[in-house]
Student: 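Next up is a structure, given as structure tokens.
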Amino acid sequence: MEEKNKFFELNEAQRKAVEATEGPLLVLAGAGAGKTKTITYRILNLIQKGVAPENILAVTFTNKAAKEMGERITKLLGDTAEINRPISIKGKPFVATFHGLGAYIIKENFREAGVKKYFSIYDRDDSKRIVKASLVKNGYDPKQFEPGKILGIISREKGNFVSVEEYSQKAGGEYFGGIVFKVWQDYEIDLRKENALDFDDLLLVSAKLLQKEEIRKFYSEKWKYIHIDEYQDTNKVQYQIAEAIAREHQNICAVGDVDQNIYTWRNASIKNILHFEKDYKNSQLVVLEENYRSTKTILEVANRIIEKNKLRMERKLVTQNAEGDKVGIFEALTENHEAVFVVEKIKELQKNGVPLSEIAVLYRANFQSRVLEEEFLSKNVPYQVLGTRFFERKEVKDILAFVRFCLNPDSISDLKRIINVPPRGIGKTTLLKIVEGKEDSLPAAMKIKMGNFRVLLRRIKNFALGNPPSKTILYIAEEVGLNKNLEKSEEGTERIENIKELAALASRYDKLFAPNDIEIGGNSWEEGIQKLLEDTSLASDQDGDKEEKDGARLMTVHASKGLEFSYVFITGLEEGLFPHDRNNDENVSDEEAEEERRLFYVAITRAKKKLFLSYAQSRTIFGNRGSNIPSEFVLEIPDEFLEHEFLDYTPKHKPLLHIEF
């Protein structure tokens, strides 16, 4: 195939990014502009030029995005006859989330990281439980000092490379800061005691490891070409991880969109992408402006909204798609009236042959879903709330906790979870003595129970290290008596099916880590079960449930990032709700002040065919009913792009928003 035809599927800008393989490259990719396609073809081009697949790194933010990227790369390599090095012979590009990358680096350097080989990864629920216990221990009321808020502060500080000791100086004599410091101290002690790391530690600890020159050089040689997706969402620690690996060869390709930076509350710094050309000398800039997703009308509305922001790189989305329908606008009397409109319009779309899975209802805050869900239920219209995680189900967490504790017996949290699953008559007093190391003082009968329990754990560990991960899951369910116990419960059948689904998921790791299978780079069942634990611990809200059920998708705008739907409803467009009211916060930066507009831009650009906007004259928020005015965002959309939506039985009322036709 001739060079000029090699990437015939790409447009000119995409091709330019794909062919710029040496040195720093910044790709500004607008919504729907094919950034994943560009990254995957760039990786293909590198391999075709002779770069070993294992010397290529690609990092993104969600497991879903990493999985999609990995599959696309594999498909491209498999579909390309020119490739002279099959991906499976020696290695493959390393595609992972930042947290997955951190876990990988720590596992390879666990001694230097100060953890044991089989360390646990604590999810947000595990972390909140420890924070709550510390508050109680120190005499503070968890209802007054919300554990999630304190954990959020700890997370933010870790993201800024701040240690607990440094935070103590930063907080000074401030009362609340002193509480956070005490809790954080306890939190770190508990993590070390349980040989565990939290999500933020995966980044922080790996970044600190990369500060050691020998380790940094090793990974710099291992990954000579690195790609960072969603670069606008990186925080200080993530920036340092990428910079450390790229320092030697400077072959870093950062892909992102300033206008889609919506995570300052997670410590993402828009400055990382704005300063890229300053941080990396002699860098190239490629702008992807052609949108393949939305109609001209939707993009024009998006452009008009975002152009008012000052902290951005000037560009405008364009498309060759059709003009498309005008944006529907509905003014409701109340939130209930708004919900009726949304569901009735969806029923109409469904009647016209639109699959429910192609419809999304977006809102600024989680509480807004309640009224919407009630209306969906009352009208018997199927729906699915994004964020229901399969791995949060009790029986799934129980099975995984058994595996984790067998490999990491320091994990007291896992011990507490499994010691009575199913019930085996071991009470809180016994558990407390075990945790305190006073097992010798237990009554003889209880010692026998604990002895039997430890024998059971040894059997599970031996089985897990010598058998495929899928068989281990099924073995645990039978061996500990979980299946037998669940059969007695009302929801037993469904919960047993969830365990089987977990085993089905684990079967993916059977093949990947089959012992002595050189062709696919596998190593051992031990590595397979470890990887399963890691991936399930890092599963995010966007990774969703075990299956995609039929139904309209309900989600916050934040959760919708990276997704696309034919028809999108953006609800609650009222001043104080969207944009969210930050008037009382004196410390709001320009970056944060513009984030609400970026958030609305993200919401708009999820839509492919038709966009509906709605707001209510009156809404009850946390028990208080108030009158509203339409969001400034709605008022900024020129009339020629809007059309009023009505319900046949809409009560007569004076519209707050006047549209000329």
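Just so you know, these numbers come straight off a predicted model, no measurement behind them.
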Student: What verdict does the ring pair (Phe, Tyr, Trp, His ring centres under 6.0 Å) test give for Phe612 and Phe330, after you've listed the backbone C-alpha separation in whole Å, the side-chain angles of each residue and the deciding distance to 0.1 Å?
Tutor: CA-CA 8 Å; Phe612 297 92; Phe330 181 76; over 10 Å; no
Student: I want to know whether His580 and Phe578 have ring centres closer than 6.0 Å.
Tutor: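 Between Phe578 and His580, which both carry aromatic rings, the centre distance is not below 6.0 Å.
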Student: Do the side-chain N and O atoms of Glu331 and Gln617 include a donor-acceptor pair separated by under 3.5 angstrom?
Tutor: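 Distance-only check passes for Glu331 and Gln617.
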Student: Salt bridge between Lys16 and Glu12, side-chain N to carboxylate O under 4.0 Å?
Tutor: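 Not counted as a salt bridge, because no side-chain N and carboxylate O are separated by less than 4.0 Å.
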Student: What I want to check is whether the side chains of Gln260 and Tyr601 have a donor and an acceptor closer together than 3.5 Å.
Tutor: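 Looking only at side-chain atoms, Tyr601 and Gln260 do not form any donor-acceptor pair under 3.5 Å.
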Student: Crowded around Asn380 CG? As in, over 12 foreign heavy atoms under 6.0 Å?
Tutor: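 No, the 6.0 Å shell around CG holds no more than 12 heavy atoms from other groups.
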Student: Who pairs with Thr21 by side chain to side chain contact (heavy atoms under 4.5 Å, CB included), at least two apart in sequence or on another chain?
Tutor: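 Partners of Thr21 under the side chain to side chain contact (heavy atoms under 4.5 Å, CB included) test: Asn45, Leu46, Lys49.
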Student: Quick check for you: to the nearest 0.5 Å, what is the distance between Cys253 atom SG and Ile39 atom CD1?
Tutor: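 Here the interatomic distance stands at 6.5 Å.
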Student: Starting at CD1 of Ile241, measure out to CG of Leu202 and round the result to the nearest 0.5 Å.
Tutor: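 Reported to 0.5 Å precision, the distance equals 9.5 Å.
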Student: Under the side-chain hydrogen bond (donor to acceptor under 3.5 Å, both in side chains) criterion, do Ser618 and Arg625 qualify, and how do the steps go?
Tutor: CA-CA 7 Å; Ser618 173; Arg625 179 162 289 282; 2.8 Å; yes
Student: With distance as the sole test, does Asn291 use its side chain to make a donor-acceptor pair with the main-chain N or O of Leu299 at under 3.5 Å?
Tutor: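 It does not hold such a pair.
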Student: So, Thr571 side chain and Leu362 main chain: donor-acceptor pair closer than 3.5 Å or not?
Tutor: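 Yes, because the side chain of Thr571 sits within donor-acceptor range (under 3.5 Å) of the backbone of Leu362.
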Student: Indicate yes or no: does Glu375 engage Lys379 in a salt bridge with an N to O separation below 4.0 Å.
Tutor: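 A salt bridge links Glu375 with Lys379.
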Student: Which residue pairs pass the salt bridge (charged side-chain N to carboxylate O under 4.0 Å, His left out) test when at least one of the two sits in residues 28-43, sequence neighbours left out?
Tutor: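 Found Glu9-Lys37, Lys35-Asp229, Lys35-Glu230.
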Student: State, without any angle test, whether Glu595 and Thr264 hold a side-chain donor-acceptor pair at a distance under 3.5 Å.
Tutor: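 Result is yes, a qualifying pair exists.
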Student: Flag the pair Glu348 and Lys345 as a salt bridge only when some basic side-chain nitrogen lies within less than 4.0 angstrom of an acidic carboxylate oxygen.
Tutor: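 Yes, charged N to carboxylate O under 4.0 Å.
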Student: Nearest 0.5 Å, please: how far is CD1 in Ile73 from CG in Leu44?
Tutor: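 So the gap between those two atoms works out to 9.5 Å.
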Student: Any carboxylate oxygen within less than 4.0 angstrom of a Lys/Arg side-chain nitrogen, looking at Arg370 and Glu374?
Tutor: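 Counted as a salt bridge, because a side-chain N and a carboxylate O are separated by less than 4.0 Å.
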Student: Ignoring hydrogens and geometry beyond distance, is a side-chain donor-acceptor pair present between Asp200 and Ser155 at under 3.5 Å?
Tutor: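 Yes - a donor-acceptor pair under 3.5 Å links their side chains.
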Student: Could you check whether Arg124 pairs with Asp198 (Lys NZ or Arg NE/NH1/NH2 to Asp/Glu carboxylate O, under 4.0 Å)?
Tutor: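 Not counted as a salt bridge, because no side-chain N and carboxylate O are separated by less than 4.0 Å.
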Student: Parallel, tilted or perpendicular for His99 and Phe199, by the 30°/60° rule?
Tutor: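 Correct class here is tilted.
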Student: Strictly below 4.0 Å, N to O, side chains only: are Lys608 and Glu358 in salt-bridge contact?
Tutor: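 Counted as a salt bridge, because a side-chain N and a carboxylate O are separated by less than 4.0 Å.
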Student: State, to 0.1 Å, how close Ala103 and Ile121 come at their nearest heavy-atom pair, and which atoms those are.
Tutor: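 For Ala103 and Ile121, the tightest heavy-atom pair comes out as CB-CD1, 4.5 Å.
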Student: Answer yes when Glu534 and Lys531 have at least one side-chain N-carboxylate O distance shorter than 4.0 Å, and no when they do not.
Tutor: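 Salt bridge flag = yes for Lys531 with Glu534.
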Student: Using 4.0 Å as the upper bound for N to carboxylate O, is an ion pair formed by Glu596 and Arg364?
Tutor: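 Between Glu596 and Arg364 there is a salt bridge, with a charged N closer than 4.0 Å to a carboxylate O.
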Student: Any side-chain to backbone donor/acceptor pair from Gln238 onto Phe98? Under 3.5 Å, distance only.
Tutor: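 Judged by distance alone, no pair lies under 3.5 Å.
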Student: Rounded to the nearest 0.5 Å, what's the gap from CG on Leu203 to CG on Leu101? Could you check?
Tutor: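 Rounded to the nearest 0.5 Å, the CG-CG separation comes to 9.0 Å.
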Student: Listed by chain and number, what are the side chain to side chain donor-acceptor pair (under 3.5 Å) partners of Arg597, not counting sequence neighbours?
Tutor: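 Applying side chain to side chain donor-acceptor pair (under 3.5 Å) to Arg597 gives Glu632, Glu636.
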Student: Would you call Glu300-Arg304 a salt bridge at under 4.0 Å N-O?
Tutor: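 Salt bridge present between Glu300 and Arg304.
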Student: Run the salt-bridge test on Glu323 and Lys296 with the 4.0 Å N-O cut-off and return the result as yes or no.
Tutor: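 No, Glu323 and Lys296 are not salt-bridged.
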Student: Checking Gln14 side chain against Asn11 main chain: does a donor-acceptor pair fall under 3.5 Å?
Tutor: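 Such a contact is found between Gln14 side chain and Asn11 backbone.
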Student: Verify side-chain contact (heavy atoms from CB on, under 4.5 Å) between Ile359 and Phe569, making sure each step is shown before the conclusion.
Tutor: CA-CA 8 Å; Ile359 303 171; Phe569 293 78; 3.8 Å; yes
Student: Show your reasoning for whether ring pair (Phe, Tyr, Trp, His ring centres under 6.0 Å) applies to His644 and Phe646.
Tutor: CA-CA 7 Å; His644 269 303; Phe646 298 96; 5.8 Å; yes
Student: Once ring pair (Phe, Tyr, Trp, His ring centres under 6.0 Å) is applied, do any residues pair with Tyr239, and if so which ones, sequence neighbours excluded?
Tutor: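 Residues passing ring pair (Phe, Tyr, Trp, His ring centres under 6.0 Å) with Tyr239: none at all.
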Student: Sequence neighbours excluded, which residues qualify as ring pair (Phe, Tyr, Trp, His ring centres under 6.0 Å) partners of Tyr231?
Tutor: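 Partners of Tyr231 by the ring pair (Phe, Tyr, Trp, His ring centres under 6.0 Å) criterion, ordered by chain and then number, come out as Phe276.
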Student: Which heavy atom of Gln232 sits nearest to which heavy atom of Gly256, and what is that distance?
Tutor: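 Reported closest heavy-atom pair: OE1-CA, 3.1 Å.
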Student: Using 0.5 Å steps for rounding, measure from the CG atom of Asn309 to the CD atom of Glu314.
Tutor: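 Answer rounded to 0.5 Å: 11.0 Å.
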Student: Dump the intermediate steps for salt bridge (Lys or Arg N to Asp or Glu O under 4.0 Å) on Glu643 and Lys610, then the final yes or no.
Tutor: CA-CA 12 Å; Glu643 61 182 3; Lys610 174 81 175 181; 2.5 Å; yes
Student: Is the shortest side-chain N to carboxylate O distance from Arg598 to Asp259 below 4.0 Å?
Tutor: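 Salt bridge between Arg598 and Asp259, a charged N being under 4.0 Å from a carboxylate O: no.
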Student: For side-chain hydrogen bond (donor to acceptor under 3.5 Å, both in side chains), just list the numbers for Glu335 and Gln368, CA-CA rounded to whole Å, side-chain angles, deciding distance to a tenth of an Å, and then say yes or no.
Tutor: CA-CA 8 Å; Glu335 66 270 32; Gln368 291 173 253; over 6 Å; no
Student: Show, in sequence, the C-alpha distance, side-chain angles and deciding distance for Glu277 and Ser283, and conclude whether the side-chain hydrogen bond (donor to acceptor under 3.5 Å, both in side chains) test is met.
Tutor: CA-CA 6 Å; Glu277 292 169 287; Ser283 60; 4.8 Å; no
Student: Assess the residue pair Arg619 and Glu574 against the criterion (salt bridge (Lys or Arg N to Asp or Glu O under 4.0 Å)); give the C-alpha distance rounded to whole Å, side-chain angles, the decisive distance to 0.1 Å, and a yes or no.
Tutor: CA-CA 9 Å; Arg619 184 181 299 272; Glu574 300 129 30; 2.6 Å; yes
Student: I'd like to know whether Thr297 forms a side-chain contact (heavy atoms from CB on, under 4.5 Å) with Leu611, so could you lay out the CA-CA distance, the side-chain angles of the two residues, the decisive distance to 0.1 Å, and finally the verdict.
Tutor: CA-CA 9 Å; Thr297 298; Leu611 181 66; over 6 Å; no
Student: Where do Glu373 and Tyr383 land on the side-chain hydrogen bond (donor to acceptor under 3.5 Å, both in side chains) test, with the steps shown first?
Tutor: CA-CA 8 Å; Glu373 287 191 67; Tyr383 71 94; 2.7 Å; yes
Student: May I ask you to decide if Leu563's main-chain N or O and Ser560's side chain share a donor-acceptor pair within less than 3.5 Å?
Tutor: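 Side chain of Ser560 to backbone of Leu563, a donor-acceptor pair under 3.5 Å: no, none is there.
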Student: For Lys128, does the NZ atom have more than 12 heavy-atom neighbours from other residues, nucleotides or ligands under 6.0 Å away?
Tutor: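 No, not enclosed.
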Student: For Asn303, give me all partners under side chain to side chain contact (heavy atoms under 4.5 Å, CB included), at least two apart in sequence or on another chain.
Tutor: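 Checked Asn303 against side chain to side chain contact (heavy atoms under 4.5 Å, CB included); matches are Lys316, Leu317.
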Student: Between Ser537 and Asp123, does any side-chain donor sit less than 3.5 Å from a side-chain acceptor?
Tutor: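 No pair is found: no donor N or O on one side chain lies under 3.5 Å from an acceptor on the other.
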Student: Answer yes or no: is there a donor N or O on one side and an acceptor on the other, between the side chain of His558 and the main chain of Ile262, under 3.5 Å?
Tutor: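 It does hold such a pair.
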